[in-house]
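Atoms within a ligand are numbered from 1 in the order they appear, just like the ligands themselves.
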Amino acid sequence: METLTLFITGALVAVGIYWFLCVLGPAERKGKRAVDLSGGSISAEKVQDNYKQYWSFFRRPKEIETAEKVPDFVDTFYNLVTDIYEWGWGQSFHFSPSIPGKSHRDATRLHEEMAVDLIQVKPGQKILDVGCGVGGPMRAIASHSRANVVGITINEYQVNRARLHNKKAGLDALCEVVCGNFLQMPFDDNTFDGAYSIEATCHAPKLEEVYAEIYRVLKPGSMYVSYEWVTTEKFKAEDDEHVEVIQGIERGDALPGLRAYVDIAETAEKVGFEIVKEKDLAAPPAQPWWTRLKMGRLAYWRNHIVVQILSAVGVAPKGTVDVHEMLFKTADFLTRGGETGIFSPMHMILCRKPESSSPPPPPEESS
Ligand SMILES: C=C(CC[C@@H](C)[C@H]1CC[C@H]2C3=CC[C@H]4[C@H](C)[C@@H](O)CC[C@]4(C)[C@H]3CC[C@]12C)C(C)C
Ligand SMILES: C[S@@+](CC[C@H](N)C(=O)[O-])C[C@H]1O[C@@H](n2cnc3c(N)ncnc32)[C@H](O)[C@@H]1O
């Protein structure tokens with residue numbers, strides 16, 4: 001009898017541990033499991049060191065002197081966070097306004113479909129996803145528009161994840177993924193019938209450089225839409241709390257300094273675009289985009305325990321705990337940014353490359 005009790009208890013504990021580690025948590029059904037958390041392309045024993053280097057590089061984001069090193073550190077950042085993002089958020093690495101009565105998944109998809117509707121592309125045309133992550137938006141956009149989507153990301157681990165997801169979704173004929181720097185893209189001039197970027201160009205040290213590259217690869221007459229991370233008109237540089245929140249967002253999200261909302265259209269015009277529309281999609285009557293972050297707090301604690309256990313038993317790389325802690329704190333800064341209204345992750349700008357376009361002026365030394 002005692003042996004039977006012991007056996008049943010053991011079996012229940014094993015099932016409980018399996019459920020805690022493998023079933024609970026993935027943001028998407030059949031999503032990333034906790035036991036598969038890795039450091040992306042970084043080998044397990046180097047994750048902690050890479051995290052320390054990253055954290056020290058982004059100590060004072062606005063004052064980064066070696067801007068040319070930013071893409072490498074952004075690449076490191078995505079090696080460190082990609083699995084955690086997929087596990088705890090899903091395959092779309094961005095925010096969207098909440099929609100009453102709709103799931104996060106549906107709200108995310110609608111926000112993505114709006115981008116491709118805005119650039120008015122036709123089935124079969126070729127469009128560019130600038131900073132495509134693991135391709136959540138790309139797949140939604142390809143299914144919705146039947147356009148051919150080419151995504152570019154600096155992170156090779158994301159390229160492999162995106163290609164795998166595209167194949168699994170049966171969308172690999174419509175979706176292609178390229179590893180490269182969006183500041184120097186491996187595409188000819190006038191290649192694409194449209195382009196979009198979702199919460200990605202904020203990683204560029206100079207917005208002018210990435211906008212000029214997008215302008216170059218677009219065909220004349222075609223459109224580009226971007227959802228930009230910005231500080232809003234409510235941000236006051238002399239308010240210490242505002243500065244603390246914005247610096248927290250920058251450091252925990254690999255941003256070489258957030259831009260003010262007024263800089264976006266000005267930069268797009270400077271590289272030659274005509275501005276068709278500009279709107280902060282986070283502004284009322286839109287519902288808060290940060291409620292999903294707030295609601296997740298209990299899950300973050302549970303995730304933190306899972307990460308600590310997996311790291312202690314050697315399943316997850318050692319530095320995963322530090323990375324998870326950084327994200328935990330970043331979620332709080334983002335929520336405060338949303339609640340105070342000083343920050344928006346979805347300042348939308350819709351632009352057109354003129355039909356008869358003279359080449360844009362060469363980028364200036366500073367921007
Ligand atoms: C556009 C960018 C990324 C935006 C968001 C997708 C991510 C920003 C902060 C991330 C997260 C914070 C807390 C994590 C939590 C502690 C963990 O348990 C599960 C994952 C998180 C929820 C994670 C998910 C992605 C974010 C919301 C930037 C980088 C330009
Ligand atoms: C927050 S993620 C958003 C991904 C995707 N747009 C989405 O919404 O799921 C930012 C993306 O920009 C990419 N990125 C950042 N800097 C880049 C650069 N210099 N060149 C190419 N991609 C870059 C990252 O690798 C990542 O894929």
Side-chain angles (χ1 to χ4, degrees), residues 25-27 31-32 34 37 40 67-68 70-96 104 108 111-112 115 129-141 151-159 161-162 165 177-186 196-206 209-210 213 226-229 248-256 258 289-290 292-307 320 323-335 337 345-346:
K32 189 92 203 151
L37 294 180
E68 63 280 7
V70 168
D72 282 348
F73 277 97
V74 170
D75 182 27
T76 300
F77 173 80
Y78 281 105
N79 277 322
L80 298 171
V81 304
T82 292
D83 277 352
I84 304 182
Y85 276 19
E86 269 202 58
W87 173 50
W89 199 255
Q91 293 170 13
S92 292
F93 295 175
H94 63 82
F95 296 105
S96 49
H104 294 312
T108 302
H111 194 59
E112 292 163 351
D129 181 335
V130 184
C132 64
V134 299
M138 164 193 281
R139 285 179 288 284
I141 281 172
I152 184 165
T153 166
I154 193 127
N155 184 261
E156 201 170 353
Y157 182 71
Q158 291 188 335
V159 172
R161 293 293 299 163
H165 293 312
V177 192
V178 172
C179 192
N181 187 346
F182 57 37
L183 302 174
Q184 292 156 328
M185 290 194 271
Y196 64 90
S197 53
I198 301 187
E199 303 188 21
T201 49
C202 48
H203 289 296
K206 292 180 187 166
E209 287 183 356
V210 59
E213 262 303 84
S226 188
Y227 297 167
E228 292 289 341
W229 278 34
I249 292 174
E250 291 167 343
R251 200 175 184 192
D253 290 294
L255 307 178
L258 267 170
W289 53 267
W290 60 92
R292 184 175 172 194
L293 272 179
K294 272 185 104 167
M295 274 157 45
R297 273 196 196 142
L298 209 68
Y300 304 161
W301 281 108
R302 189 222 31 235
N303 290 355
H304 206 58
I305 297 170
V306 171
V307 168
T320 319
V323 177
H324 192 264
E325 200 168 332
M326 170 188 82
L327 293 180
F328 203 117
K329 290 181 183 152
T330 306
D332 200 49
F333 284 122
L334 285 162
T335 308
M346 50 191 77

[atom]: which protein heavy atom is closest, and how many Å away?
atom: atom 11 (C) of ligand 2; result: Gly131 O, 3.7 Å
atom: atom 21 (C) of ligand 2; result: Gly180 O, 3.1 Å
atom: atom 2 (S) of ligand 2; result: Tyr78 OH, 3.3 Å
atom: atom 20 (N) of ligand 2; result: Phe182 N, 2.8 Å
atom: atom 26 (C) of ligand 2; result: Gln158 OE1, 3.5 Å
atom: atom 9 (O) of ligand 2; result: Phe93 N, 2.7 Å
atom: atom 19 (N) of ligand 2; result: Asn181 OD1, 2.9 Å

Has the side chain of [X] got a donor or acceptor atom that lies under 3.5 Å from a matching backbone atom of [Y]?
X: Tyr300; Y: Leu293; answer: yes
X: Arg292; Y: Trp89; answer: yes
X: His203; Y: Ala254; answer: yes

Could you tell me, for ligand 1, which of its N or O atoms are under 3.5 Å from any protein N or O, listing the pairs and their distances rounded to 0.1 Å?
| from | atom 1 | to | atom 2 | distance (Å) |
| --- | --- | --- | --- | --- |
| ligand 1 | 18 (O) | Asn303 | ND2 | 2.7 |
| ligand 1 | 18 (O) | His324 | NE2 | 2.6 |

Please state which part of [X] comes within less than 4.0 Å of ligand 2, counting heavy atoms only: side chain, backbone, both or neither.
X: Ala204; answer: neither
X: Thr153; answer: both
X: Glu199; answer: backbone

- Parallel, tilted or perpendicular: which describes the rings of Trp289 and Phe95, with under 30° parallel and over 60° perpendicular?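 Answer is tilted, since the angle falls between 30° and 60°.
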
- Item | Parallel, tilted or perpendicular: rings of His111 and Tyr227 (30°, 60°) |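 Tilted, since the angle between the ring planes falls between 30° and 60°.
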
- Item | Ile84 versus His324, closest heavy-atom pair with distance |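 Looking at all heavy atoms of both residues, the closest pair is CG2-CD2, 4.0 Å.
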
- Return the minimal non-hydrogen interatomic distance between Pro205 and Leu183, and the atom names on each side.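 Shortest heavy-atom separation between Pro205 and Leu183 comes out as CD-CD1, 4.2 Å.
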
- Looking only at N/O atoms, are Ile154 and ligand 2 under 3.5 Å apart anywhere?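 It does: an N or O of Ile154 is found under 3.5 Å from an N or O of ligand 2.
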
- Query: Around Gln184, counting heavy atoms of other residues, nucleotides and ligands shown, do more than 12 lie under 6.0 Å from its CD?
  - Reply: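 No - once you tally the heavy atoms of other residues, nucleotides and ligands closer than 6.0 Å, there are 12 at most.
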
- Query: Which pairs, with at least one residue in residues 76-85 and sequence neighbours excluded, count as a salt bridge (Lys or Arg N to Asp or Glu O under 4.0 Å)?
  - Reply: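 Every pair satisfying salt bridge (Lys or Arg N to Asp or Glu O under 4.0 Å) with a residue in residues 76-85: Lys32-Asp83.
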
- Message: Under 4.0 Å, counting heavy atoms only: does Gly136 come that close to any atom of ligand 2?
- Response: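 Outside the 4.0 Å threshold, so no.
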
